[in-house]
2 protein chains.
Amino acid sequence: MTVSRFSLNISPMPSKKYHHGDLKNALINAGVEILAKEGIGGLSLRKVAQRAGVSHSAPYAHFPDKQSLIAAISTEGFNQLYAELDAVTSLYPYDPKKQLIEGSQAYVRFAMNNADTFKIMFSGVLEKEKEYPAFLEISHKTFERVVGIVQACQDAGILRASPSDMTAVTIWGQIHGVIALGMEGQISRTVLEHRSVQDIVAFAIEQLILS
Amino acid sequence: MTVSRFSLNISPMPSKKYHHGDLKNALINAGVEILAKEGIGGLSLRKVAQRAGVSHSAPYAHFPDKQSLIAAISTEGFNQLYAELDAVTSLYPYDPKKQLIEGSQAYVRFAMNNADTFKIMFSGVLEKEKEYPAFLEISHKTFERVVGIVQACQDAGILRASPSDMTAVTIWGQIHGVIALGMEGQISRTVLEHRSVQDIVAFAIEQLILS
DNA sequence: GACACTATCTTGACGGTGTCAAGATTTTCG
DNA sequence: CGAAAATCTTGACACCGTCAAGATAGTGTC
């Protein structure tokens with residue numbers, strides 16, 4: 001161990017403590033960054049550790065395995081998605097129609113701006129979701145948020161008054177499915193040449209609205 | 001090399017030739033089997049090779065890399081999906097409504113019976129789809145098949161006569177999205193306790209049908 | 001039939017990966 | 001202050017995708 005260690009560090013940065021201070025979140029953030037930069041295939045525990053400035057085994061003090069880190073990243077993604085959904089819909093507290101339209105657009109926007117995080121959240125990379133309660137909680141909370149909007153629309157006569165939970169699933173499924181197909185390049189060029197995924201989702205919602 | 005090699009092999013099995021004869025397909029099948037048994041995480045080139053009874057590097061004579069094997073497996077999956085869609089809809093050549101209903105159910109059935117193949121086909125594990133023309137061709141052919149059914153329904157007044165390609169995307173997206181959410185455990189228990197994914201998809205289609 | 005050519009397959013190596021065990025360092029707390 | 005717990009490092013292991021070199025078998029040509 002060479003000398004160099006300025007204990008005169010008042011703090012203005014985390015600045016290399018030997019116990020880092022907040023490694024857990026640093027690892028999650030490093031993971032998100034690598035995800036955005038190199039995609040799912042480029043996400044390795046060792047790279048995450050390196051980017052956070054710790055040794056390759058350090059993450060094991062905070063996550064029992066790689067799946068657990070992925071769960072944390074996914075959970076973080078859901079938190080952000082929920083927050084954005086909530087922010088947008090809160091702008092129109094008495095206008096469920098607007099909530100539905102703008103909420104679905106927020107969903108699309110999130111998927112586009114965080115493509116690989118979105119994939120990790122929904123594309124089965126996380127294999128045993130049931131083992132991660134925090135993940136389950138926020139993901140179901142998001143679901144309940146969607147159900148709430150649909151229900152409000154039904155109460156206002158804007159959507160069919162069919163069983164609201166089923167309707168919520170089919171509407172969410174529609175938005176989600178169009179995005180998923182779009183991201184995987186499944187939507188043939190003849191369609192995507194003229195319309196963006198955003199447009200297609202907007203169109204789908206229009207078709208559902210009664211008044 | 002011990003003795004044992006019955007050159008008196010009239011053929012009733014591929015039976016260990018030293019040039020195997022059909023390694024390429026054997027590798028694809030081995031991949032599908034491992035996928036079904038161990039999931040995407042368990043799929044490695046070396047395991048595929050071992051299951052096919054060849055050395056760990058043998059696959060490189062047929063596939064330039066792992067992605068290429070995955071592309072072949074996905075392509076095979078799309079071929080099967082297309083065949084099943086085609087088989088079902090061919091049963092009702094003059095009944096587009098039935099085609100829509102039974103076709104969507106066939107889609108769900110395929111996803112359920114081949115969950116991991118389905119995931120590999122749609123979940124972004126294959127990273128550069130555009131590099132695999134055979135994959136693109138069959139996947140777009142499947143898309144065109146769906147468009148065809150929707151168009152027939154529109155012509156028959158069973159679905160709204162909106163731009164048929166957009167409508168096809170939104171309907172396919174709906175089916176696909178409900179399945180995807182269901183497979184990822186995103187659909188809250190209160191819904192799934194009473195309804196299967198099949199039921200939800202059937203419900204969604206019902207809602208779309210005009211007459 | 002002999003020979004060259006090519007496709008196919010094996011062996012062995014490389015760096016990268018997830019994970020674990022052992023130990024060092026730091027923080028926490030009695 | 002000192003023990004216990006949390007955190008981090010080092011080093012190892014088996015597995016992975018990939019490549020290079022060579023062995024083996026099939027193909028076509030004279």
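Reminder, nothing fancy here: chain letters follow the sequence lines and each chain counts from 1.
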Checklist line | Length of the line joining Ile40(A):CD1 and dT17(C):P, which is rounded to integer Å | finding: 16 Å

Checklist line | Whole angstrom value for the distance that separates P of dT18(D) from NZ of Lys47(B) | finding: 16 Å

Check: Is there any side-chain hydrogen bond (donor to acceptor under 3.5 Å, both in side chains) pair reaching into residues 37-55 of chain A, and which pairs are they, with sequence neighbours excluded?
Finding: Glu33(A)-Arg51(A), Glu38(A)-Lys47(A)

Check: In chain order, what residues pass the side chain to side chain donor-acceptor pair (under 3.5 Å) check against Gln207(A), with sequence neighbours excluded?
Finding: Ser162(B)

Next item on the list: For Ile34(A) and dG16(C), give me the distance from atom CD1 to atom P, rounded to whole Å.
Entry: 15 Å

Note to self: For DNA chain C, which residues of residues 116-134 of chain A approach it to below 4.0 angstrom with any heavy atom?
What the structure shows: none

Note to self: Give me each pair satisfying ring-ring contact (aromatic ring centres under 6.0 Å, His included) with a member in residues 28-70 of chain A, each pair once, sequence neighbours excluded.
What the structure shows: none

Next item on the list: Check the distance between dC16(D)'s C1' and Gln50(B)'s CD and give it to me in whole angstrom.
Entry: 13 Å

Next item on the list: Measure from CG on Leu27(A) to P on dG18(C) and round the result to the nearest Å.
Entry: 13 Å

Check: Which pairs, with at least one residue in residues 101-126 of chain B and sequence neighbours excluded, count as a salt bridge (charged side-chain N to carboxylate O under 4.0 Å, His left out)?
Finding: Lys98(B)-Glu102(B)

Next item on the list: For DNA chain C, determine which residues of residues 58-69 of chain A have any heavy atom closer than 4.0 angstrom to one of its atoms, and list them numerically.
Entry: Tyr60(A), Asp65(A), Lys66(A)

Notebook entry, point to check: Taking atom P of dC9(C) as reference, at what distance in whole Å does atom CG of Leu23(B) sit?
Noted result: 4 Å

Note to self: According to salt bridge (Lys or Arg N to Asp or Glu O under 4.0 Å), who are the partners of Lys141(A), at least two apart in sequence or on a separate chain?
What the structure shows: none

Next item on the list: Keeping the roles fixed (side chain from Gln99(A), backbone from Ile149(A)), state whether a donor-acceptor pair exists under 3.5 Å.
Entry: no

Which atom pairs link the protein and nucleotides 12-15 of chain C when you take only N or O atoms and keep those under 3.5 Å?
residue : atom : partner  : partner atom : Å
dG12(C) : O6   : His56(B) : NE2          : 2.7
dG12(C) : O6   : Ser57(B) : OG           : 3.2

Next item on the list: Keeping the roles fixed (side chain from Glu184(A), backbone from Gly124(B)), state whether a donor-acceptor pair exists under 3.5 Å.
Entry: yes

Item checked: Residue pairs fulfilling salt bridge (charged side-chain N to carboxylate O under 4.0 Å, His left out) with at least one residue in residues 62-91 of chain B, sequence neighbours excluded -> Asp86(B)-Arg145(B)

For residues 125-140 of chain B, run the donor-acceptor check on the side chains, cut-off 3.5 Å, and write out each pair with its distance to 0.1 Å, sequence neighbours left out.
residue   : atom : partner   : partner atom : Å
Ser139(B) : OG   : Gln186(A) : OE1          : 3.3
Ser139(B) : OG   : Leu136(B) : O            : 3.4

Item checked: Pairing residues for Glu193(B) by the salt bridge (Lys or Arg N to Asp or Glu O under 4.0 Å) criterion, not counting sequence neighbours -> Arg189(B)

Next item on the list: Give a yes/no on whether any side-chain N or O of Ser44(B) is located under 4.0 angstrom from OP1 or OP2 of dC16(D).
Entry: yes

In residues 167-180 of chain A, what donor-acceptor pairs under 3.5 Å come from side-chain atoms, sequence neighbours left out?
residue   : atom : partner   : partner atom : Å
Thr167(A) : OG1  : Pro163(A) : O            : 3.0
Thr170(A) : OG1  : Met166(A) : O            : 3.4
Thr170(A) : OG1  : Thr167(A) : O            : 2.8
Trp172(A) : NE1  : Tyr107(A) : OH           : 2.9
Gln174(A) : NE2  : Thr170(B) : O            : 3.1
His176(A) : ND1  : Tyr107(A) : OH           : 3.0

Next item on the list: Measure the distance from NZ on Lys24(A) to P on dC8(D) and round it to the nearest whole Å.
Entry: 12 Å

Notebook entry, point to check: Ile70(A) CD1 to dT19(C) P: how many Å, rounded?
Noted result: 9 Å

